[in-house]
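This is a predicted model, so every value here is computed, not measured.
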Amino acid sequence: RKPVQSPRAIILAEGFYEWTGERGSKTPWWMSYPDEGLMGFAGLYSWWRDPSKGDEDPDRWKLTATIVTSDAVQTLAGIHDRNPVILPESMWLHWMDPTIAGDQDLVDEAVRAGVAEAETLQIRQVEPFTVRDEGPGLIQPVDAV
């Protein structure tokens, strides 16, 4: 209950990855809207003071953020048991409104909206990559490479 009472945010992305398989032979999957538009994840954030930093240190404040997740929708269940809560754009301001109580009803509303959004995603297998790799090839379907 407490985290959802903290400031809420929309975390924008063009898509997200999930991985299946065992260590050493994992398969990456890229999830995005079919039109490749931006999706907005339901997010939470907070600022906290690093106690190891002095009052004059400009790096004394740290920002932490998280993406709210829910049980995977049926279309993603074979890839991962959870998925991010993707809010329709019409709900972004509602989610971030500080005058709306951050309670279980709000979370339930977001999850319901997120299920409908997640069921519209395009899912495609992409080539394995490392964190050092870059470029548009990271989201090209395996059969297009």
Side-chain angles (χ1 to χ4, degrees), residues 1-23 25-55 57-131 133-142 144:
R1 280 185 269 182
K2 182 79 172 139
V4 81
Q5 293 171 358
S6 71
R8 297 179 299 270
I10 301 296
I11 300 171
L12 298 175
E14 293 178 358
F16 63 98
Y17 294 100
E18 289 295 355
W19 299 76
T20 57
E22 299 299 319
R23 178 172 273 205
S25 64
K26 290 191 173 234
T27 301
W29 300 87
W30 173 250
M31 270 65 80
S32 64
Y33 284 134
D35 67 1
E36 299 183 4
L38 283 178
M39 58 181 69
F41 300 126
L44 306 172
Y45 72 94
S46 64
W47 286 95
W48 58 276
R49 190 179 188 294
D50 183 342
S52 70
K53 307 279 182 170
D55 287 343
D57 190 329
D59 294 328
R60 69 185 176 279
W61 288 99
K62 303 294 180 187
L63 174 64
T64 57
T66 189
I67 294 173
V68 178
T69 63
S70 68
D71 292 335
V73 296
Q74 185 175 8
T75 53
L76 302 178
I79 295 174
H80 202 275
D81 62 343
R82 314 250 338 132
N83 61 255
V85 174
I86 307 165
L87 297 176
E89 190 171 352
S90 62
M91 194 175 170
W92 292 3
L93 291 178
H94 179 71
W95 174 258
M96 294 188 304
D97 187 339
T99 66
I100 295 175
D103 58 13
Q104 190 62 50
D105 289 339
L106 179 63
V107 172
D108 292 345
E109 181 181 4
V111 169
R112 278 191 303 277
V115 165
E117 290 296 296
E119 288 176 343
T120 70
L121 296 179
Q122 169 182 275
I123 304 165
R124 58 185 184 232
Q125 182 181 347
V126 295
E127 290 291 332
F129 59 91
T130 71
V131 295
D133 293 333
E134 296 182 16
L138 297 177
I139 61 172
Q140 295 300 313
V142 167

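At a threshold of 4.0 Å, the pair R49-D55 counts as salt-bridged, since one of the basic side-chain nitrogens sits closer than that to a carboxylate oxygen.
Summarising the local packing, CG of L93 is surrounded by 12 or fewer heavy atoms from other residues, nucleotides or ligands at distances under 6.0 Å. Around the CD atom of E14, the shell of radius 6.0 Å holds no more than 12 heavy atoms that belong to other residues, nucleotides or ligands.
D50 meets the side-chain contact (heavy atoms from CB on, under 4.5 Å) test with W48, S52, K53, K62; sequence neighbours excluded. Residues forming a salt bridge (Lys or Arg N to Asp or Glu O under 4.0 Å) with D35 (at least two apart in sequence, or on another chain): none. For W19, the ring pair (Phe, Tyr, Trp, His ring centres under 6.0 Å) test picks out F129, with sequence neighbours left out.
A pairwise comparison of heavy atoms in N83 and A118 identifies ND2-CB, 4.0 Å as the closest pair. Minimum heavy-atom separation, I11 to T66: CD1-O, 3.7 Å. Nearest heavy-atom pair across L87 and A42 is CD1-CB, 3.8 Å. Taking both residues in full, the closest heavy atoms of K26 and P128 are given as O-CG, 4.5 Å, listed atom of the first, atom of the second, then distance. Nearest heavy-atom pair across M31 and M39 is O-CE, 4.1 Å. When all heavy atoms of A110 and V85 are compared, the closest pair comes out as O-CG1, 3.4 Å.
Among residue pairs with one or both ends in residues 26-45, those qualifying as ring pair (Phe, Tyr, Trp, His ring centres under 6.0 Å) are F16-F41, Y17-W30; sequence neighbours excluded. Sorted by first and then second residue, the ring pair (Phe, Tyr, Trp, His ring centres under 6.0 Å) pairs involving residues 67-90 (not counting sequence neighbours) form an empty list.
Within the 4.5 Å cutoff, side-chain heavy atoms of L106 are placed close to those of H94. Put simply, the side chain of E127 reaches to within 4.5 Å of the side chain of V142, judged on heavy atoms.
A donor-acceptor pair under 3.5 Å is absent between the side-chain atoms of R124 and the main chain of S32, judged by distance alone. Between the side chain of R8 and the backbone N or O of D97, at least one donor-acceptor pair lies under 3.5 Å.
Atoms CG and CG, on D103 and D108 in that order, are 8.5 Å from each other to the nearest 0.5 Å. Atom CD1 of I67 and atom CD1 of I10 lie 10.5 Å apart (nearest 0.5 Å).
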Considering only distance and modelled atom types, tabulate donor-acceptor pairs under 3.5 Å from the side chains of residues 68-78, sequence neighbours left out.
unit_1, atom_1, unit_2, atom_2, d
T69, OG1, R82, NE, 3.3
T69, OG1, R82, NH2, 3.1
D71, OD1, R82, NH1, 2.9

